[in-house]
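Before any comments, here is the structure.
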Amino acid sequence: MAESPSAPSIARVRIGEAPSLARIDLVSSARRVAALGAAFAAATGVALPCTGRSVRAGEFTVLALAPDRWQIESEGPPGHAIAALGAIAGESGSVVDQSDGSRAFDVAGPGAREVLAKGVPIDLDAAVFRVGDVARTGVALVAVTLRCLSAEPSFRIVVARSYAESFLEWLLDAGAAYGVLRERHSASPR
Amino acid sequence: MRIPCPFCGLRGHEEFVVDGDATVTRPAPGRPDAPTAAVRFVYLRDNPAGWHREWWFHAFGCERWIVVERDTVTHAVGRVWSAGDPAPGEDR
Amino acid sequence: MSARPGAGARLADGGLIDRTRTLRFRFDGREYAGHPGDTLASALLAHGVHRVARSFKYHRSRGILSAGFEEPNALVELGEGDARVPNTPATTIELFEGLDAQSQNRWPSLRFDLRAVNRLFSALLPAGFYYKTFMWPAAFWERVYEPAIRRAAGLGRASGAPDPATYERSYGFCDVLVVGAGPAGLAAALGAARSGARVWLVEADCRAGGRLLAERLAIGGEPALRWVEATVAELESMPTVRVLRRATAVGRYDGGVYAILERVGADRAQSAPFEPRERLWHVVARHGVLASGAIEQPLVFENNDLPGILLAGAVRAYANRYAVLAGRRVVVATSCDDAWATARDLLRAGASVEAIVDQRPAAARGPGAWAPDGVPVETGWLRRARGRDRVRAVEIEAASGRTRRVACDAIAMSGGWAPQLQLATHLGERLRWDGAAQCFAPESWPPDLSGAGAVCGEFGLAAALAAGARCGTGAARALGFRATDLVLPAVEPDRPLQTVPSRAARAVRAAFVDWQNDVTIADVQLAVREGFAASEHLKRYTTLGMATDQGKTSSLNGLIALAEATGRRLEELGPTTHRPPVVPVTIGALAGRHRGRHYRPTRLPPAHAVAADLGAVFVETGPWLRAQVFPRAGDRGWLDAMCREVNTVRRAVGVCDVSTLGKVDVQGADAPEFLERVYASRIATLAIGRVRYALMRREDGFVMDDGTVARLGERHYLLSTTTAGAVDVYRHLQYCRQVLWPDLDVRLASVTDQWAQFAVAGPRSRELLGRLVEPGIDLADPQFPLLAAGSVRLGDGTAARLFRVSFCGELAYELAVPARAAHRTLERLFEAGAPLGVAPYGLEALGAMRIEKGHVAGNEINGQTTAADLGLGRWTTKDGDSVGAVLARRPGLADPQRPRLAGFVPVDRAQRLGAGAHLIALGAPRDAAHDEGYLSSVAYSPTLGHWIGLGFLRRAAERVGERVLAHDPLRGRDALVEVVETPFVDPRGERLRG
């Protein structure tokens, strides 16, 4: 059972900017979403996940944000992902580059859940928000996309670029009592 | 109040924006009585003490519009379904 | 446990205090000492300090009444300076080294309080006196009477300074929330936790145990506290269990949501680093178990508020938990068995019990009502306590009618126990009187809440343990966990409490019902005489139960008095509705981190740092920070900077960051049709590679937002919205897509943050952009005419978009680049533009220029104006369905009397205009009946050299050239203005075409 240490000597949470990734919205409509699903499965061998889940399809990590909207993370350059996804989607889905529009922060360590509980209004218990689960919610009045990356536990939080500095300040304040190790990733976008 | 979003699960009402009465439907365009129908649609509302249907937008969530059955007296939440779907148990 | 003579009131041994350490503290400037485990109240009592306060209205001396958070009297100001916290119950403050507290509501001192003179006028100051007096002259109320009355009465003083403490909020989720860690709560938590359910146990006190901390009871043949400790240890060893101490469940809300206030660093010496003073938990529990116990009620008799008169259970708590004697010659007065234990515990501690006065005849008492031989026992009531600042004697009226006086230095009184059912009623549940248990109970428990122990009238230890265990395992099973019944250690069988609510005293002024608000029996009877005979009316008329203690020790006696005064039975009356919070909650805890700068998040455009480096002054536009002006050395103020920026744009070239405007990407086979229906303007005729200004209406026909629509491809559009309207417009678009026309193939994506956007405006703007774009791109007029839109590549490879739109009326473009490129693109613009005389411009200049051109913005599109009002009727002429089309054609909206947009200049060109001024015809009275419109936007025009304004005026088109009065009562600055046509500058739009 967790307890805030009075003078953290060991960092119980690591907070850092996620590696720079291409981030593409794949959006459809009620009429075309079934066709999009079929096309995606045919091209990748993987079904588009249902809202709240994520799945790996080759070089893509696909996050389901809504019944007709997915966000794809990819390590390569955005142009490549856009072209590939556009080819897959064809007429049944639109591909919109959001790589510049957001920033992502990774929160990991034994204190990660306690830190996030200060602002995340959903249940992050390991049995409820499992590895690969995705949730869009609001944290400290900022819309976020939250994903459970691993059982360490570690989480990735994506926020709109304009909110990122304000949100990061909240995140670091929330973690201060738990001893934050601030990590810097090599390719943090600015 | 907690609202069971059909896509995101049970969430606090703070994640939503409420828009109002979901029992009224936008009149089809071109009706002969279009002005009267439009006034009814935009302005006239029943105000029941009891079960009611409302439009809620999951702003901090999936950004879907959903219909929420809510008892305006007890705040109990009943069935919830997505825009574009029929109410559970009813046909379109 | 025995008292050493002459050693004050601290007993030589016993108590849950750490006698190996001494803590020094100050109260009203005097130094005292206590031990860890003491409260401020117990430590003061240990020194024989009983008088700790002056009452609210009459400034009567008051002492400590209780040993818990129900304390109505012993409220102190804790700390000093801007950290001073008023109205803190001394009974809940854990003693710490260096504690500094002050009594309240007395001047100049507690001992000698000048305002005690109020009691001489007490006949004039009963409940509700301010409804009947101090009425004339009317003006005096606000200026004279009310301030005087406020100063004469009250509780503590707020520091008046910003709260220096930090607060936190946090979320929690669990299966079973148990409120209260007394025997019932511990058993419930254990029963639920062993099944594997996620259990939270919250306890308001600093340690678990509840009543067990104050009593000398045994569980399993051992002191009860051993079982408490073992249970807590087991609970804390489970990773699925969370035990929170110093945490009060203050509210229960819909959906299983509970608010829990945790006093983390409060009432302690130094907070640990990063520790908040308080933490407010928002807990979602699938099932709640209420084990919040009961609170003992006082007896009502004359002068029952003298220091030295305490609740009987509190006297036991002070003796057993804190090793403090509340008095040495004590009279015990009661209407239930429970208080007899006080007499026994006092005797064991070496005090003398002068009498036990029980309201019930001997036959009506239960087996718990026994005392050692030699203790005088009477059947009767307390009639009047005597003493000045401490009780010295009490008059006892026997059932036979005989009265005798007994000398004493303390009275331990008990009017029975009232269950703390607040959480069970927060959602409107009703209480009814349970005659068997002689207390209130819920008419029914909601499906996700159950109760156990004293809160349910189960006052005995065995009953509490059993009920708690049942509730805990029952809750776990109801949630689908497999719970085994809890095997409880043996306890003595309970004896029924046999309590009856105390009889109300005769009407005497000083028989107090509500200590904190100085409400007496006489006030209750006065209220009934005046017709306020319902419990809710009684409460509000007398203020009984409305103080910070919210009636915890007063509402039951108030109801009893009301029943007697109206000749009704308690069963017919209902207690008043209780609403959250159960105890006072610091405003800071509600705010959490959202104060000051952190009140809401701040949004920054991608190139914010560049503007900051250029010395911009920023202004908040909603959550965004936008550059307002870019001052330079030598500017006399913002006006100078704004004029310079406008002149630069109109003569050379300027750059403005407009990234904050909303941008929505719209695609899909039916995108053109969708946009045609969403906008009031015609979209279907927009060609690829073109952008147009468009209006969006609400369904009621009024304009919602304005912006642009650019067609980037056959079925690919990019919409822009105002900064303020972006979120609402996006939601509205989703509404149209999902609710109104779900069969259309339309896909939306908000790309506001994906793209940075800069307005590049002025005669040299084309030249400047020419230096940025890839060589070979021709921006000359035929290739890129007015309202062209398309993708361009910049010289550094950035894939940008260019739109030829102008808000300021000059030759202008808007350049959009992916946010990653914003910083370097903006720097490149200033670098390349330096020889052209480029300068940045901000919102002030932007605003002045658009007003010069007569363009409408948020001040005009205020939700009350139609396209016709705005002079934009020609942007809404189309047939076919679109949002708001039908009601926009309402006859009422075509009324020529509706104010329409026009321009205004001051007749005296040197005069300043004020937005919000109302337009009155010359010579007409300046009142609402003659109000013909208002000024919506004003600016100083650097181009014209005087102030100009946009506004709405009835029949404006016919009145060009007329002079009207701009009446500004708020600023006291009227101006004579002339109605003119807009634009003010370059009326034929020649500069636009560059």
Side-chain angles (χ1 to χ4, degrees), chain B residues 1-4 6-7 9-14 16-22 24-44 54-68 70-77 81-86 92, chain C residues 169 171 173 252-259 282-286 426-429 446-448 601 664 676-677 697-702 727-728 730-744 746-750 879-893:
Chain B
M1 201 167 63
R2 298 194 45 89
I3 297 176
F7 306 107
L10 204 53
R11 297 292 187 91
H13 74 272
E14 306 84 12
F16 297 80
V17 175
V18 67
D19 192 68
D21 200 328
V24 294
T25 316
R26 186 172 190 266
R31 294 163 58 139
D33 68 337
T36 319
V39 166
R40 250 197 328 265
F41 169 62
V42 172
Y43 290 113
L44 301 183
E54 298 168 332
W55 284 115
W56 289 73
F57 177 68
H58 199 177
F60 283 112
C62 53
E63 295 182 341
R64 300 292 303 181
W65 282 93
I66 57 176
V67 182
V68 176
R70 183 174 73 89
D71 186 315
T72 59
V73 174
T74 66
H75 291 199
V77 172
W81 61 96
S82 169
D85 289 346
R92 190 176 276 277
Chain C
R169 293 184 64 140
Y171 290 90
F173 294 83
R252 182 175 139 255
Y253 305 90
D254 298 298
V257 173
Y258 295 80
H282 177 294
V283 175
V284 179
R286 293 167 66 202
H426 278 170
L427 294 181
E429 293 90 354
D448 62 348
V664 185
E676 191 68 26
R677 297 184 195 179
R697 275 186 299 231
R698 296 192 307 247
E699 206 68 89
D700 65 359
F702 288 82
V727 171
D728 292 347
Y730 179 74
R731 186 170 68 243
H732 171 71
L733 289 171
Q734 291 287 12
Y735 178 84
C736 295
R737 182 178 86 98
Q738 298 176 28
V739 176
L740 295 185
W741 306 300
D743 295 332
L744 293 183
V746 177
R747 310 134 195 194
L748 303 176
S750 166
D879 301 319
D881 180 37
S882 68
V883 172
V886 174
L887 289 182
R889 292 195 285 266
R890 285 187 266 177
L893 294 183

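Not measured: the values here are computed from a predicted model. First the proteins, then the strands, lettered A, B, ... as listed; each starts at 1.
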Completion exercise
In this structure, OH of B:Tyr43 is separated from CD of C:Glu699 (nearest 0.5 Å) by 10.5 Å
Problem - Proximal component of B:Ser82, with respect to chain C [non-hydrogen, under 4.5 Å] - result: neither
Handout entry: Proximity breakdown for C:Arg890 and chain B, heavy-atom pairs closer than 4.5 Å
Key = side chain
Exercise for the section: Please determine, by modelled atom types, if C:Gln734 and C:Arg737 share a side-chain donor-acceptor pair under 3.5 angstrom. Expected result: yes
Handout entry: Partner chain C: residue of B:Thr74, B:Asp19, B:Val17 with the largest heavy-atom pair count (under 4.5 Å)
Key = B:Val17
Exercise for the section: Tell me, for B:Val67 versus chain C, whether the close heavy atoms (under 4.5 Å) come from the side chain, the backbone, both or neither. Expected result: neither
Handout entry: Under 4.5 Å from any heavy atom of chain B - which part of C:Ser882
Key = backbone
Practice task
Calculate, to the nearest 0.5 Å, the distance between atoms CZ and CD belonging to B:Phe57 and C:Gln738 respectively.
Solution key: 7.0 Å
Exercise for the section: Answer with side chain, backbone, both or neither: which region of C:Tyr735 has an atom nearer than 4.5 Å to a non-hydrogen atom of chain B? Expected result: both
Problem - ring pair (Phe, Tyr, Trp, His ring centres under 6.0 Å) partner of B:His58, chosen from B:Phe7, B:Phe16, B:Trp65 - result: B:Phe16
Practice task
Considering only NZ, NE, NH1 and NH2 on the basic side and carboxylate oxygens on the acidic side, decide whether C:Asp881 and B:Arg26 come within less than 4.0 Å.
Solution key: yes
Exercise for the section: Answer with side chain, backbone, both or neither: which region of C:Val727 has an atom nearer than 4.5 Å to a non-hydrogen atom of chain B? Expected result: neither
